**Student:** 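Here it is, the structure in full.
For reference, positions follow the sequence shown, starting with 1. Note that the coordinates shown come from a computational prediction; the quantities given were computed from them, not determined experimentally. Read the numbers this way: they start at 1 and go in the same order the structure lists the ligands and their atoms.
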Amino acid sequence: MSTINKKIRGNQVGYEPEFEKTLIIKDPTSLRYQLKKDEQLIEQGILSKFSIHPLTREKDFICDLTHVKEEGVYQLILEGMEGYFPFVVKKNCYEELLIKSLRFFYLQRCGESIPVECADEFQHRSCHDQPARIYGTNQRISVNGGWHDAGDYGRYIVAAAVTVADLLLAFEETQKISAINLRIPESKLQIPDLLSEVRYELEWMLSMQNQTNGQVYHKVTCASFCGFIMPEEEQEELVVTEPSITATATFAATTAMAVVFYEPFDETFSQRLKQASKASYDALKDMHMPEGFKNPEGVVTGEYGDGKDIDEKYWAAVALYKAFGESQYREDFETLAKKEVLHGYGWEEVGSFGNQAYLTTEKFPVDENLREEIQKQMIKKADELEEKIAIEPYGVSFSENDYIWGSNMYAAENGNHLFDAYRITKNVKYLNYARSQLHYLLGKNPCGYCYITGFGFLSPKYPHHRPSSAVKKAMEGMLVGGPDRGLNDPAAVEFLKDQAAPCCYVDDEGSYSTNEVTIYWNSALVYLLSVLI
Ligand code: G3I
Ligand code: 9MR
Ligand code: ZN
């Protein structure tokens, strides 16, 4: 028997032995199941529990294999139905996934050549290394380096900042990451590879700061998106667009956060980060433009608009307080947080990075009542997610309106909100909910896809990612955007009309609203993995 039974939905990468392991059988034609290993029958039973999916209306039967703890590759079979599900139980199950999802960042590098010994078929010559023109002027500045944002070759500060934050939090979360060899040119240095990789982005971010006034330019891209070519072939003029509050504040936050990571390895670099961070924070006081950012006329690349700057300022204030201890930063944060505790680990809403910074401030005093209030609100956030999980057979924290552009990032992000509640309460239910967000991303979902390229038996082959298109092979280890019921691109409109929200995903190169990849989606996955491994 060689075919896969695609009605069985589970984590296609596998399960750590102690994980909950409930699989979904969608609309089965038989209820008798068998679990086999090396042709031997391990157990059999009859499926009895089911629920009707509120959005797809399918009948979802549950097969609970949590008690199977012995490592191995098993076959789950429904008698009378063709095919099987490869059910994997394995220690350190997500190691390769973690490595490949981190190597993605190296492969996204801009501004230097990526040699074959580090990049295999994704090698490329140096790209986007000419001076960039500041929009509306004839002034040119050098802003080489950093990572290409996504399937496109733009470089955007707010996206970069949250990516760096996720990766540093992941690094802090588990020792396992510091030991990883990412096969990058810096691998021979006496500093963990991930910190070298993140520094590559930070150096570029530093170059995006206006040295005169401390403000940070929002982005650097060509005026419009290029075709499906390798990065060095995009040779149109580079344009740096005007500074924004969101870019300046998230820059302040991440550079502050980074200081402590580089101190043991490079004092000069960490001093540069510190100065840059303080200068950008000070610059915020004089920035009185309207909230958010709008593409200037003639520039049509990614906008990262964001209508609300308050959460970015919130995060910046506390990140600087945690790092440098000045009372002004504390006051700024506490004033905002006492009005409202904010949340978010994404490019648009970043409050949770701030909350976490406050809860982990150790060198300087904090307000214990506020700390408790923040914890209370973080638990409340997790409880709201729990309500959604309770009525969603696959265990994802989504209701219909949550299937938006980049929904997979929100699944990962919600996993981290749930884990935050676990960290505070030690209640295992939150840990299990956090894990179920990972299971969703890795195949336990209404589309039956493992949403990471190169992993699982059904994964995206045609991501909206220019190098993958140019090389004609999907780069491995990339988390795609996932279902978006808004049908926000022509391919989605063509292929997904009439689909229920959780199924609004198509593995088509043209579908940038469901099948693109980005640095901050991958970093959200990395951060979730780091807390779960
Ligand atoms: O937040 C609202 C929500 O309240 C509302 O219910 C829902 C209904 O549509 O929309 C939500 O906003 C969406 C937002 O993403 C959520 O993050 C917007 O509709 C949607 O248009 C927006 O999409 C963003 C997209 O750019 C278009 O602006 C994605 O988040 C963002 O990841 C994506 O970023 C692009 C860059 O611009 C360029 N590089 C590639 C990258 C990934 O596609
Ligand atoms: O490739 C672009 C992708 O990175 C963006 O997320 C997306 C939305 O801004 O736009 C993509 O570019 C498309 C453009 O918007 C419209 N013409 C076709 C481009 C490539 O598919
Ligand atoms: Zn480039």
**Student:** With side-chain contact (heavy atoms from CB on, under 4.5 Å) as the test, would you mind laying out the steps for Ser196 and Ile184 before giving the verdict?
**Tutor:** CA-CA 9 Å; Ser196 297; Ile184 59 180; 4.2 Å; yes
**Student:** Looking only at heavy atoms, is any part of Trp521 under 4.0 Å from ligand 1, and if so is it the side chain, the backbone, or both, or is it neither?
**Tutor:** side chain
**Student:** Assess the pair Phe228 and His464: is the distance between their ring centroids shorter than 6.0 Å?
**Tutor:** yes
**Student:** Are any of the protein's heavy atoms under 4.0 angstrom from atom 6 (O) of ligand 1, yes or no?
**Tutor:** no
**Student:** Yes or no on salt bridge (charged side-chain N to carboxylate O under 4.0 Å, His left out) for Arg272 and Asp266, after CA distance, side-chain angles and deciding distance?
**Tutor:** CA-CA 10 Å; Arg272 275 173 64 211; Asp266 189 339; over 6 Å; no
**Student:** Test of geometry: compute the angle SG(Cys110)-the Zn ion (ligand 3)-NE2(His148) and round it to 10°.
**Tutor:**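 Reported to 10°, the angle equals 100°.
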**Student:** What residue and atom, counting heavy atoms only, is the protein's closest point to atom 3 (C) of ligand 2, and at what distance?
**Tutor:** Glu516 OE1, 3.2 Å
**Student:** Do Tyr156 and Phe293 have their ring centres less than 6.0 Å from each other?
**Tutor:**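 No - the distance between ring centres of Tyr156 and Phe293 does not fall below the 6.0 Å cut-off.
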**Student:** Suppose I only count heavy atoms of Asp152 and a 4.0 Å limit; which atoms of ligand 2 are within that range?
**Tutor:**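 So the atoms of ligand 2 that pass are 4 (O).
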**Student:** How close does the nearest protein non-hydrogen atom get to atom 40 (C) of ligand 1, and which residue and atom is it?
**Tutor:**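 Answer, as residue, atom name and distance: Glu516 OE2, 3.1 Å.
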**Student:** Measuring to protein heavy atoms, does anything land under 4.0 Å from atom 13 (C) of ligand 1?
**Tutor:** no
**Student:** Give me the nearest non-hydrogen protein atom to atom 8 (C) of ligand 1 as residue plus atom name, then the distance to 0.1 Å.
**Tutor:**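 Protein heavy atom with the smallest distance to atom 8 (C) of ligand 1: Ile404 CG2, 4.1 Å.
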**Student:** Do you know which of Thr246, Asn295, Asp149 makes side chain to side chain donor-acceptor pair (under 3.5 Å) with Tyr304?
**Tutor:** Asp149
**Student:** Nearest protein heavy atom to atom 17 (N) of ligand 2: under 4.0 Å?
**Tutor:**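 Looking at atom 17 (N) of ligand 2, one finds that no protein heavy atom lies closer than 4.0 Å.
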**Student:** Taking 4.0 angstrom as the limit and counting only heavy atoms of Tyr304, give me the atoms of ligand 1 inside it, by number and element.
**Tutor:**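 Ligand 1 atoms under the 4.0 Å threshold to Tyr304: 34 (O), 35 (C), 36 (C), 39 (N), 41 (C).
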**Student:** Hey, would you say the Phe265 and Tyr262 ring centroids sit under 6.0 Å apart?
**Tutor:**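 So the answer is no for these two rings.
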**Student:** Is atom 35 (C) of ligand 1 less than 4.0 angstrom from some protein heavy atom?
**Tutor:** yes
**Student:** At what distance is the nearest protein heavy atom to atom 7 (C) of ligand 2, and which residue and atom is it?
**Tutor:**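 Scanning the protein heavy atoms, the shortest distance from atom 7 (C) of ligand 2 goes to Tyr512 CD1, 3.3 Å.
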**Student:** Hey, is His464 one of the residues with a heavy atom under 4.0 angstrom from ligand 2?
**Tutor:**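 His464: in contact with ligand 2 (<4.0 Å).
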**Student:** May I ask you to identify the nearest protein heavy atom to atom 17 (O) of ligand 1, giving residue, atom name and distance to one decimal place in Å?
**Tutor:**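 Looking only at protein heavy atoms, the one closest to atom 17 (O) of ligand 1 is Tyr410 OH, 2.7 Å.
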**Student:** Trp405: heavy atom below 4.0 Å from ligand 2, yes or no?
**Tutor:**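 Flag set, Trp405 near ligand 2.
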**Student:** Do Phe333 and Tyr314 make the cut of ring centroids closer than 6.0 angstrom?
**Tutor:** yes
**Student:** Can you tell whether the side chains of Lys388 and Glu392 come within less than 4.0 Å, N to carboxylate O?
**Tutor:** no
**Student:** Can you report which non-hydrogen protein atom sits closest to atom 37 (O) of ligand 1, along with the distance?
**Tutor:** Gly302 CA, 3.1 Å
**Student:** For the ring-ring contact (aromatic ring centres under 6.0 Å, His included) test, which of Trp315, Tyr358, Tyr520 pairs with Phe353?
**Tutor:**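 When ring-ring contact (aromatic ring centres under 6.0 Å, His included) is applied between Phe353 and each of Trp315, Tyr358, Tyr520, only Trp315 qualifies.
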**Student:** Do any nitrogen or oxygen atoms of Tyr156 lie less than 3.5 angstrom from nitrogen or oxygen atoms of ligand 1?
**Tutor:** no
**Student:** Got a salt bridge between Glu186 and Arg109, using NZ or NE/NH1/NH2 to carboxylate O under 4.0 Å?
**Tutor:** yes
**Student:** Have a look at Tyr505 and tell me which of Asn515, Thr514, Asn408 forms a side chain to side chain donor-acceptor pair (under 3.5 Å) with it.
**Tutor:** Asn515
**Student:** Could you check whether atom 43 (O) of ligand 1 has a protein contact, counting only heavy atoms that fall below 4.0 angstrom?
**Tutor:**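 So atom 43 (O) of ligand 1 has protein heavy-atom neighbours under 4.0 Å.
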**Student:** What protein heavy atom is closest to atom 9 (O) of ligand 2, reported as residue, atom name and distance in Å?
**Tutor:**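 Here the nearest protein heavy atom works out to Phe225 CE1, 3.5 Å.
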**Student:** Is it the side chain, the backbone, both or neither of Glu348 that has a heavy atom closer than 4.0 Å to ligand 1?
**Tutor:** side chain
**Student:** Establish, yes or no, whether the cationic atom of Arg9 lies under 6.0 Å from the six-membered ring centre of Tyr394 and within 45° of the ring axis.
**Tutor:**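 No - Arg9 does not lie over the ring of Tyr394 by the 6.0 Å and 45° rule.
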**Student:** Report, in ascending order of atom number, the atoms of ligand 1 lying under 4.0 Å from any heavy atom of Ala150.
**Tutor:**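 Going through ligand 1 atom by atom, the ones under 4.0 Å from Ala150 are 39 (N), 40 (C).
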**Student:** Look at atom 31 (C) of ligand 1 and say which protein heavy atom is nearest, naming residue and atom and giving the distance to 0.1 Å.
**Tutor:** Tyr520 OH, 3.4 Å
**Student:** If I consider every N, O or S atom in His128, which one ends up closest to the Zn ion (ligand 3)? I only need its name.
**Tutor:** ND1
**Student:** For ligand 1, which atoms have a heavy atom of Thr518 less than 4.0 angstrom away?
**Tutor:** 41 (C), 42 (C)
**Student:** Does atom OH (Tyr462) have a neighbourhood of more than 12 heavy atoms from anything else shown, all under 6.0 Å?
**Tutor:**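 Open.
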**Student:** Report the nearest protein non-hydrogen atom to atom 15 (O) of ligand 1: residue, atom name, distance rounded to 0.1 Å.
**Tutor:** Trp405 CB, 4.0 Å
**Student:** Please state which option from Arg466, Glu303, His148 has its nearest heavy atom closest to atom 19 (C) of ligand 2.
**Tutor:** Arg466
**Student:** At what distance is the nearest protein heavy atom to atom 30 (O) of ligand 1, and which residue and atom is it?
**Tutor:**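 Minimum-distance protein heavy atom for atom 30 (O) of ligand 1 reads Trp347 NE1, 3.1 Å.
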**Student:** For Asp149, counting its heavy atoms only, list the atoms of ligand 1 lying under 4.0 Å from any of them.
**Tutor:** 38 (C), 39 (N), 40 (C), 41 (C)
**Student:** To the nearest 0.5 Å, what is the distance between CD (Glu509) and OG (Ser469)?
**Tutor:** 3.5 Å
**Student:** For a 4.5 angstrom cut-off between non-hydrogen side-chain atoms, does Asp402 reach Tyr410?
**Tutor:**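 They are not in side-chain contact.
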**Student:** Kindly indicate, with the supporting measurements, whether the criterion salt bridge (charged side-chain N to carboxylate O under 4.0 Å, His left out) is fulfilled by Asp383 and Lys380.
**Tutor:** CA-CA 5 Å; Asp383 290 342; Lys380 188 166 162 233; over 6 Å; no
